Amino acid sequence: MKKIFTTMIFFILGVLVFGEKFEKPVLLTSVGQSADVQMVSVLLKKAGIEATLDKSITADNLGEDKTIIIAIGGSSKGLGAAGIKVEDELARAEELLKAAKDSGVKIVGLHVGGEQRRGELSDKFVNATVGECDYLIVVEDGNKDQLFTKVSEEKGIPLILVPKISGAVEPLKEIF
């Protein structure tokens, strides 16, 4: 109960202090090719946010979107199924994030896979992505090592921690 209360306090303070608002249209993509992108798609629908899903969009194909939502988390199975090497996915992410920044497109990062979506493979994508985001929503147990907290504090990125995946719906509603 205390954990839920603390999380809600951080959420409320995050919304009040940061007051971050993001514009539509929205593009949803993955960095790491995990199935988490499908979960984020469902969260967006529950939040009433329409988004175009393109799991492997490149910098060259950015359209008129004002916000990119990135599901962050690596999956060897997902990478294999897509026929993508880790190095190529990291390069795609770097180019995409740079193009978005250069175009004034805001980036919202979501890490919803929790502790099981952390580890050597996923952390490559987490480390390549998190510091480039304008806003972060993270399931708490994916932040046990405080990596997201450290990066958000160093870079001044608003971070909302939620106790479970479904807790990401309200922060999503609030920022759009």
Side-chain angles (χ1 to χ4, degrees), residues 3 6-34 36-37 39-41 43-44 47 49 51 55 57 59 62 65-74 89-115 117-119 121-176:
K3 190 175 186 180
T6 303
T7 301
M8 290 309 295
I9 292 296
F10 278 114
F11 169 68
I12 293 166
L13 288 175
V15 171
L16 292 174
V17 172
F18 300 119
E20 207 60 57
K21 287 290 182 183
F22 293 85
E23 297 180 63
K24 299 174 184 176
V26 177
L27 171 72
L28 171 60
T29 194
S30 172
V31 170
Q33 298 301 313
S34 74
D36 294 351
V37 73
M39 287 188 265
V40 173
S41 179
L43 293 171
L44 290 170
I49 301 165
K55 294 188 280 188
I57 190 164
L62 276 179
D65 298 298
K66 301 288 185 191
T67 303
I68 296 176
I69 296 179
I70 299 176
I72 308 165
E89 180 73 347
L90 288 168
R92 180 187 72 85
E94 182 181 340
E95 292 169 8
L96 178 64
L97 294 168
K98 183 180 181 333
K101 291 282 187 185
D102 290 348
S103 300
V105 175
K106 296 291 187 177
I107 303 165
V108 177
L110 272 85
H111 180 74
V112 297
E115 188 174 18
R117 191 61 74 201
R118 292 292 307 278
L121 176 62
S122 263
D123 283 358
K124 289 179 183 180
F125 300 110
V126 169
N127 289 321
T129 306
V130 172
E132 300 302 318
C133 292
D134 296 298
Y135 200 86
L136 292 165
I137 301 172
V138 177
V139 172
E140 282 179 345
D141 73 347
N143 191 39
K144 283 185 177 180
D145 62 356
Q146 300 294 302
L147 174 65
F148 292 95
T149 300
K150 289 173 191 167
V151 173
S152 71
E153 288 174 356
E154 287 172 10
K155 302 258 183 170
I157 302 166
L159 168 66
I160 301 297
L161 296 172
V162 295
K164 55 186 180 176
I165 295 169
S166 62
V169 172
E170 286 305 314
L172 286 167
K173 284 181 183 178
E174 291 293 327
I175 63 173
F176 283 96

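Keep in mind the model is a prediction, meaning the values are calculated, not measured.
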*When you look at Glu89 and Arg92, which way does the salt bridge (Lys or Arg N to Asp or Glu O under 4.0 Å) test go after all the steps?*
CA-CA 5 Å; Glu89 180 73 347; Arg92 180 187 72 85; 2.9 Å; yes
_Residue pairs fulfilling side-chain hydrogen bond (donor to acceptor under 3.5 Å, both in side chains) with at least one residue in residues 122-132, sequence neighbours excluded_ = Arg118-Asp123
*Do you know which two heavy atoms are closest between Leu90 and Ala128, and how far apart they sit?*
CD2-CB, 3.8 Å
*What is the ring orientation for Phe22 with Tyr135, classed by angle as parallel under 30°, tilted 30 to 60°, or perpendicular over 60°?*
perpendicular
_Results of side-chain hydrogen bond (donor to acceptor under 3.5 Å, both in side chains) for Lys173 - residues two or more places apart only_ = Glu170
*Atom CG in Leu172, atom CD1 in Ile69: separation rounded to 0.5 Å?*
6.0 Å
*With sequence neighbours excluded, tell me which residues meet side-chain hydrogen bond (donor to acceptor under 3.5 Å, both in side chains) with Glu154.*
none
*asked:* Minimum heavy-atom separation for Glu95 and Ala59, please, with both atom names.
replied: O-CB, 3.5 Å
*Taking the side chain from Gln33 and the backbone from Lys55, do they hold a donor-acceptor pair closer than 3.5 Å?*
yes
*Provide the closest heavy-atom pair for Ala168 versus Leu43 in the form atom of the first, atom of the second, distance.*
CB-CD1, 3.9 Å
*Flag the pair Asn143 / Leu161 as yes when at least one side-chain heavy-atom distance between them is below 4.5 Å, and no otherwise.*
yes
*Looking at residues at least two apart in the chain, or sitting in another chain, which of them share a side-chain contact (heavy atoms from CB on, under 4.5 Å) with Asp65?*
Pro25, Leu27
*Would you please name every residue forming a side-chain hydrogen bond (donor to acceptor under 3.5 Å, both in side chains) with Lys101, sequence neighbours left out?*
Asp134
*How far does NE2 of His111 sit from CG of Asp141, to the nearest 0.5 angstrom?*
8.0 Å
*Closest non-hydrogen atom pair, Leu28 against Ala51*: CB-CB, 4.3 Å
*Compare every heavy atom of Val31 with every heavy atom of Ala93, then report the nearest pair and how far apart it is.*
CB-CG1, 3.8 Å
*Any idea which heavy atoms bring Gly74 and Leu121 closest together, and the distance?*
C-CD2, 4.0 Å
*Compare all side-chain heavy atoms of Ile160 with those of Val138 and state whether any distance is below 4.5 angstrom.*
no
_Gap separating the CD1 atom of Ile175 from the OG1 atom of Thr67, nearest 0.5 angstrom_ = 7.5 Å
_One pair to check against side chain to side chain contact (heavy atoms under 4.5 Å, CB included): Met39 and Ile165. What are the steps and the verdict?_
CA-CA 8 Å; Met39 287 188 265; Ile165 295 169; 3.6 Å; yes
*Can you measure from OG (Ser41) to CD1 (Ile49) and round to the nearest 0.5 angstrom?*
11.0 Å
*Hey, could you give me the CG/NZ distance between Leu159 and Lys150, rounded to the nearest 0.5 Å?*
13.0 Å
*Just wondering, do Leu110 and Val108 contact through their side chains at under 4.5 Å, heavy atoms?*
yes
*Could you check if a side-chain atom of Leu96 sits within less than 4.5 angstrom of a side-chain atom of Ile68, using non-hydrogen atoms only?*
yes
*If a pair satisfies side-chain hydrogen bond (donor to acceptor under 3.5 Å, both in side chains) and one of its residues is in residues 23-32, list it, with sequence neighbours excluded.*
none
_Rounded to the nearest 0.5 Å, what separates atom OG in Ser103 from atom NZ in Lys66?_
10.0 Å
_Could you tell me if the side chain of Lys144 sits less than 4.5 Å from the side chain of Glu115, heavy atoms only?_
yes
